[in-house]
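Bear in mind the structure is a predicted one, so any value in this text is a computation, not a measurement.
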Amino acid sequence: MKRILLLNIFALISSYNFAQQYSSDSTKSHHIQEVIVIGTTKISSKENKPLGSIDEYLQKSAKVDMVKRGAYAWEPLINGLPTERTLVTIDGMRIFGACTDKMDPITSYIEVSNLMEASISSGQEGSCHGNTIGGSIDLKRNKMMFGQKKWNFNVNSGYESVNQQKIFGAGTNFKTEKFYTDVNFMTRDAENYKAGGNIEVPYSQFQKINISGISGVKLGENKLLEASVIYDKANDVGYPALPMDVSIAEALITSLKFQVLPESDFLKSWETKVYFNTIMHRMDDTKRPNVPIHMDMPGWSKTYGYYSHLKSVFNNHHLLLNINGFYNKSRAEMTMYPSDKSEKLMFMLTWPDVRTLAQAIYLEDQINLNQNSSVRLSASVTMHQNKVESEFGLNSLQIFYPEMNAEKTRVLKSFAANYQFDKNGFQAGFGLGYGDRAPSVSEGYGFYLFNSFEKYDYIGNPNLKNESSLEANAFVGVKKEKYSAKVSSSYFHISNYIVGKILDHLVPMTIGANGVKGYTALDYATLFNISLSTEVKVADPLKWTTQFVYTRGKDNKNENLPFMSPFSYQTSLRYEKNKFSAEAAVFGNTKYQDFAPQYGESETAAYAIINANLGYQLSFGKTKIFTRIGVENILDRFYTTYSDWNQIPRPGRNYFVNLNFNL
């Protein structure tokens, strides 16, 4: 099957010439999708913290929550569901982390300096680039486009007091009628942060550097060739909520894209991309005191992939065909070093060199019924194969599953239908969907993976069935010149819901663990969420925005699911006139009382946090200087939330300054 994947890649490349200029997607669906602007080559004066992390931007969404294990690399949840049940891509590229403890989500390998926006889709609306249950996030790169010859330079710098974080970045871009290039880098260096009351949170420091480049060349009147690369390296990353830190996390993400804009009334765009990414991640406990036994835990992930998008228009039909595939290698090890050096080292393959091969086809038809209403229909099918390449790893798993084979092939499916109505500022829509997914590498093939939240070692189960979901969603809203409001809701019925079950006959490997769990599946689980977003122009320079979110999840025994958001709220009042802007904001949660003790959760108290910031832009000829200063958690409150791993406290009062020079 690997040969089939490679043949498909080369066939798609050779079947059409290289591509030309970037074109806006006139068939882009607007069905309950949310777009969060991440950044541009210039710091936006509209952002309350322009040099904040990608994580801080994403948690503005009503659909996204973040699980925090420290000050760095938060795990995004979509509709309250973790990364096994969601999909995160960068410009449509599939990337898989190399850490068994989820310390390296895909969002950790990018920066605000090289991303333009995050496109967030709920449920099966996000299945264009792969199978998902909860939804998807596609992080779209920022780049210069063809045009009159022009250079641009920018320098960014920032400082945050709560962890002495120093931020520095610089970039340049250049364009002509036939060529463009965009290169930038950013560094962050932070010490331990302090929670409310000036309480230091140890092992929360981090350092990272991110370098990004993208270049395009016009090969004809309607052809474009584009190459891009991201290199990201983090060192000395502390995780106060976990028993181990990270000595190094390193990623190289590359791609080559060809695009054609055919001179045809039917075919509008043909875009083909091939990509490769490799990730190395090493957990480290050498800086922790009183470690019973030192462990070395490296992990590696390599992914080769491609996709080919074909867009066309036929009468009232806007069609999208996406053929895509990837081949991933995932391996993780654990070596334990006894304090008595005369004893032998202990070695395990925690991910036993698992190879994953997937080949998919996705078809979408957006039908404009009239100028006020439309229907979007989509479907996909995927051939998905896992193979345990390591004989040692296979033999280890066969201790628990004697009849298991090295290979397992699955067929994954997705269907969705959405209707939308928009007239005179009134908007409404509803949709239905079905999708399934294969178990993740950890769920299917993990070997004694310690979950520090539940205090159990986990063993994978290669015999798990596909997890599947039936969903329904709806929204209603109004959008006028002076105000707007929107209510959105989703319901998921997830069959074969994968969880861990205690195996009483097994002894844990990790010192201090409560026992061993094996992955199994509940009959079903249900999830419901609802959100309200409003915006009111109080006066010409004054705008008031609010957002309210509530999520509830239960299993087939009516017990709570973990990491389900209690009633949460955000509200801000923003003043913006000429070159000056100011904002005051409040956000918080009610008490987290519908927690899931069987998954290690406990109650957390209600809280409310106050932030404020000021911004001003100066111009000296072609040079523009923008600065924003602010303070977060003004009252220096000590608090923790439902999504903080092992209830680590959040940062206390934080003064920050962001500065940008653009010329």
Side-chain angles (χ1 to χ4, degrees), residues 48-49 52-53 55-77 79-80 82 160-163 165 190 192-202 204 239-241 453 529-534 544-553 560-574 583-597 599-613 630-656:
N48 57 6
K49 191 178 178 183
S53 68
D55 303 328
E56 292 175 295
Y57 278 83
L58 289 177
Q59 67 180 1
K60 297 177 183 178
S61 167
K63 292 292 183 182
V64 179
D65 296 302
M66 309 299 292
V67 175
K68 302 172 183 65
R69 297 172 174 88
Y72 179 78
W74 304 341
E75 177 191 0
L77 308 179
N79 286 313
E160 299 191 22
S161 66
V162 75
N163 58 356
Q165 182 178 175
N192 292 335
Y193 72 81
K194 293 183 179 180
N198 205 36
I199 299 173
E200 183 174 339
V201 179
S204 59
Y239 285 88
F453 198 78
N529 61 56
I530 187 169
S531 64
L532 168 64
S533 300
T534 68
W544 178 32
T545 62
T546 61
Q547 179 176 283
F548 304 96
V549 180
Y550 176 74
T551 304
R552 189 71 188 276
N560 295 323
L561 299 180
F563 297 115
M564 296 290 125
S565 173
F567 180 77
S568 65
Y569 54 90
Q570 302 178 33
T571 183
S572 66
L573 193 62
R574 183 178 183 84
E583 183 181 51
V586 178
F587 71 91
N589 284 350
T590 58
K591 183 169 66 173
Y592 185 44
Q593 56 188 6
D594 298 320
F595 56 93
Y599 299 106
E601 287 193 318
S602 58
E603 184 177 279
T604 57
Y607 68 91
I609 303 301
I610 304 173
N611 300 334
N613 63 80
V631 56
E632 299 172 312
N633 195 356
I634 291 177
L635 301 181
D636 197 31
R637 178 159 185 173
F638 184 94
Y639 72 107
T640 186
T641 81
Y642 73 96
S643 62
D644 293 319
W645 198 262
N646 286 325
Q647 294 193 356
I648 59 167
R650 293 286 187 96
R653 185 183 296 116
N654 178 35
Y655 298 96
F656 71 86

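- Applying the side chain to side chain contact (heavy atoms under 4.5 Å, CB included) rule to Asn611 yields the partners Phe587, Ile609, Glu632; only residues at least two apart in sequence or on another chain are considered.
- Between Gly70 and Ile648, the closest heavy-atom pair is N-CD1, 3.7 Å.
- For Glu160, the salt bridge (charged side-chain N to carboxylate O under 4.0 Å, His left out) criterion is met by Lys49, not counting sequence neighbours.
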Apply side chain to side chain contact (heavy atoms under 4.5 Å, CB included) to residues Arg552 and Asn560 and explain how you reach the verdict. CA-CA 8 Å; Arg552 189 71 188 276; Asn560 295 323; 3.1 Å; yes
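- Here the CE atom belonging to Met66 is positioned 7.5 Å from the OG atom belonging to Ser53, to the nearest 0.5 angstrom.
- Residues forming a side chain to side chain donor-acceptor pair (under 3.5 Å) with Ser533 (at least two apart in sequence, or on another chain): none.
- Every residue was checked against the ring-ring contact (aromatic ring centres under 6.0 Å, His included) condition with Tyr193, not counting sequence neighbours, and none meets it.
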Show, in sequence, the C-alpha distance, side-chain angles and deciding distance for Tyr642 and Asp65, and conclude whether the side chain to side chain contact (heavy atoms under 4.5 Å, CB included) test is met. CA-CA 10 Å; Tyr642 73 96; Asp65 296 302; 2.9 Å; yes
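- In terms of heavy atoms, Gly52 sits closest to Tyr57 at O-CE1, 3.8 Å.
- Looking only at side-chain heavy atoms (C-beta outward), Thr534 and Phe548 stay at 4.5 Å or farther from each other.
- Residues meeting the side chain to side chain donor-acceptor pair (under 3.5 Å) test with Glu601, sequence neighbours left out: Tyr592.
- For Tyr607, the ring-ring contact (aromatic ring centres under 6.0 Å, His included) criterion is met by Tyr639, not counting sequence neighbours.
- Here the CG-CG distance, from Asp636 to Asn654, works out to 10.5 Å after rounding to the nearest 0.5 Å.
- Nearest approach of Val549 to Ser531, heavy atoms of both residues: CG2-CB, 4.0 Å.
- With sequence neighbours left out, the side chain to side chain donor-acceptor pair (under 3.5 Å) criterion links Ser643 to Thr641.
- Every side chain to side chain contact (heavy atoms under 4.5 Å, CB included) that Tyr655 has, sequence neighbours left out, goes to Ser161, Val631, Arg653.
- Residues satisfying the side chain to side chain donor-acceptor pair (under 3.5 Å) test with Lys591, not counting sequence neighbours, are none.
- Taking CG of Asn633 as the start and NZ of Lys194 as the end, the distance is 14.5 Å to the nearest 0.5 Å.
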Quick one, Thr546 with Tyr569, criterion side chain to side chain contact (heavy atoms under 4.5 Å, CB included). Give me CA distance, side-chain angles, the key distance, then yes/no. CA-CA 7 Å; Thr546 61; Tyr569 54 90; over 6 Å; no
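- Pairing each heavy atom of Ser204 with each of Ala71, the nearest pair is O-CB, 3.8 Å.
- Under the 4.5 Å side-chain criterion, counting only non-hydrogen atoms from C-beta, Pro649 is in contact with Val201.
- Applying the ring-ring contact (aromatic ring centres under 6.0 Å, His included) rule to Phe638 yields no partners; only residues at least two apart in sequence or on another chain are considered.
- For Arg650, the salt bridge (charged side-chain N to carboxylate O under 4.0 Å, His left out) partners two or more places apart in sequence, or in a different chain, are Asp644.
- Taking the side chain as every heavy atom from C-beta outward, Asp594 and Met564 never approach each other to under 4.5 Å.
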Are Lys63 and Asn529 close enough, and set up right, to give a side chain to side chain contact (heavy atoms under 4.5 Å, CB included), and what steps lead you there? CA-CA 9 Å; Lys63 292 292 183 182; Asn529 61 56; 3.4 Å; yes
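- Phe453 is linked by a ring-ring contact (aromatic ring centres under 6.0 Å, His included) to Phe563, Trp645, counting only residues two or more places apart in sequence or in another chain.
- Note: Glu200 CD to Asn192 CG = 4.5 Å, rounded to the nearest 0.5 Å.
- Side chain of Thr545 to main chain of Leu573: no donor-acceptor pair is present (N/O by atom type, distance under 3.5 Å, no hydrogens or angles).
- Side-chain atoms of Gln547 come within 3.5 Å of backbone atoms of Lys60 as a donor-acceptor pair (strictly under, hydrogens ignored).
- Judged by distance alone, the side chain of Asn48 and the main-chain N or O of Asn613 form no donor-acceptor pair under 3.5 Å.
- Atoms OG1 and CG, from Thr551 and Asn79 in turn, are 7.0 Å apart once rounded to the nearest 0.5 Å.
- Side-chain atoms of Val64 and Gln59, non-hydrogen and from C-beta on, never get closer than 4.5 Å to each other.
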